[in-house]
Amino acid sequence: MAESIYKQQDELAKLIDRYSGQEGVNATAIPSLFFIRRSNVTGPKHSVYKPSLCIIVQGAKEVWLAQERFRYSPADYLVASVDLPVIGQVIEASSDIPYLALNLVFTPSQILEVLRDSEIRGGKKENAKRAMFVSPIELSMLDAVIRLARLLDNPKDIPVLAPLFTKEILYKVLQGQHGGTLEQIAIEGSSTNRIRNVIEQIKNNYDKSFRIEELAEIANMSAASLHRYFKEVTAMSPIQFQKQLRLQEARRLLLSESTDAADVAFHVGYESPSQFSREYSRMFGFPPREDIKRLRAKYDQ
């Protein structure tokens, strides 16, 4: 079994290597499939993971969700079942053996379709669980993933076969030891599904202030239950979640535009530039101006 998995990973590594034209994230002809290549270990990188499956075929990575660390390598796969602000760091990579990985983005409706067409579980509502997990990789999943990746060699087959292979891959995840966690995002009325609705609200209105009672109403929960379930799913409170989104967007704006930090602070929803600067420094380790100067110098090297 181990030898078979190794051979599958070797083939997948060659496919990723061939279709990764540059360092970092590479889009493919399959809209939901991305290949990642890194020739060096990286520093901590803030980002927002979409609901997705992540598989590494070379190297290793750590992902921090609030104070929780998830480490995964070719022996595992990682799943984020809702949008989550995280810190990721490639911890094993070199020019000779680069970090190679893939990311397959999915939607709750795709999960629901698989559940409707199968009898994996009873479709029962369960208590909310952490929306990120690492599971051991299995040969059957790798087989489906390779068939999906091979479609890049036959683009005309992508419209018909990519949805089928993606469905098979999600079916394998749902059959796995943490499948119930993924299942809950698609079950109408489950606590996880209701928290996902709140996450969407915060994500789409990250620059606006909110009252916890308003979010509780969206979730059809008490304020206390919302706090408890939200933290169970995301490892942070709604306010902390919003702050992560605001500061990540602020950093992106500062890096991509010649914009004043105070203007960016107001743009992402802060009323006080000094508070923005304090919280920015706390999250990224440097005040806005110094951080952006440092990042630009690094990119120019």
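Positions are given from 1, in the same order as the sequence printed here. The basis for the numbers below is simple: all heavy atoms, side chains too, and nothing from hydrogens, waters or symmetry mates.
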Is [X] atom [atom1] crowded by more than 12 heavy atoms from other residues, nucleotides or ligands, each under 6.0 Å away?
X    : atom1 : result
E217 : CD    : no
I97  : CD1   : no
R18  : CZ    : yes
E138 : CD    : no
E213 : CD    : yes

Electrostatic pair [X]-[Y], nearest N-O below 4.0 angstrom:
X    : Y    : result
E214 : R211 : yes
D117 : K167 : yes
R116 : E113 : no
R147 : E168 : yes
D291 : R294 : yes
K14  : E11  : no
D207 : R246 : no

Run the side-chain hydrogen bond (donor to acceptor under 3.5 Å, both in side chains) check on E279 and Q275 step by step: do they pass?
CA-CA 6 Å; E279 293 188 354; Q275 183 190 0; 3.1 Å; yes
Could you check if a side-chain atom of [X] sits within less than 4.5 angstrom of a side-chain atom of [Y], using non-hydrogen atoms only?
X    : Y    : answer
S47  : V86  : yes
Q8   : D143 : yes
C54  : L102 : no
Q242 : F210 : yes
V82  : I195 : no
V264 : Y280 : no
V198 : I218 : yes
R251 : M283 : no

Has [X] got a side-chain atom pairing as donor or acceptor with [Y]'s backbone, closer than 3.5 angstrom?
X    : Y    : answer
Q248 : P85  : no
E62  : R71  : no
S225 : M221 : no
E183 : H178 : no
S190 : Q184 : yes
R37  : L100 : no
D260 : A262 : yes
N154 : L152 : no
R130 : E232 : yes
N103 : F34  : no

Determine whether E23 and S39 satisfy the following criterion, side-chain hydrogen bond (donor to acceptor under 3.5 Å, both in side chains), listing intermediate values before the conclusion.
CA-CA 7 Å; E23 287 285 299; S39 298; 2.6 Å; yes
Centroid-centroid under 6.0 Å between F241 and F230 rings:
yes
Drop me the distance from L247's CG to L254's CG, to the nearest 0.5 angstrom.
10.5 Å
Decide yes or no on side-chain hydrogen bond (donor to acceptor under 3.5 Å, both in side chains) for D83 and Y49, but give the supporting numbers first.
CA-CA 5 Å; D83 292 272; Y49 274 16; over 6 Å; no
Test of understanding: clusters of I, L, V, M, F, W, Y form through side-chain heavy atoms closer than 4.5 Å, transitively. Do V134 and V63 belong to the same one?
yes
Determine, using the 4.5 Å side-chain heavy-atom cutoff (strictly less than), whether L164 and I30 are members of one ILVMFWY cluster.
yes
Who else is in W64's hydrophobic cluster (ILVMFWY, side-chain heavy atoms under 4.5 Å, direct or via others)?
I87
List the steps, then state whether side-chain hydrogen bond (donor to acceptor under 3.5 Å, both in side chains) holds for S277 with S274.
CA-CA 5 Å; S277 185; S274 60; over 6 Å; no
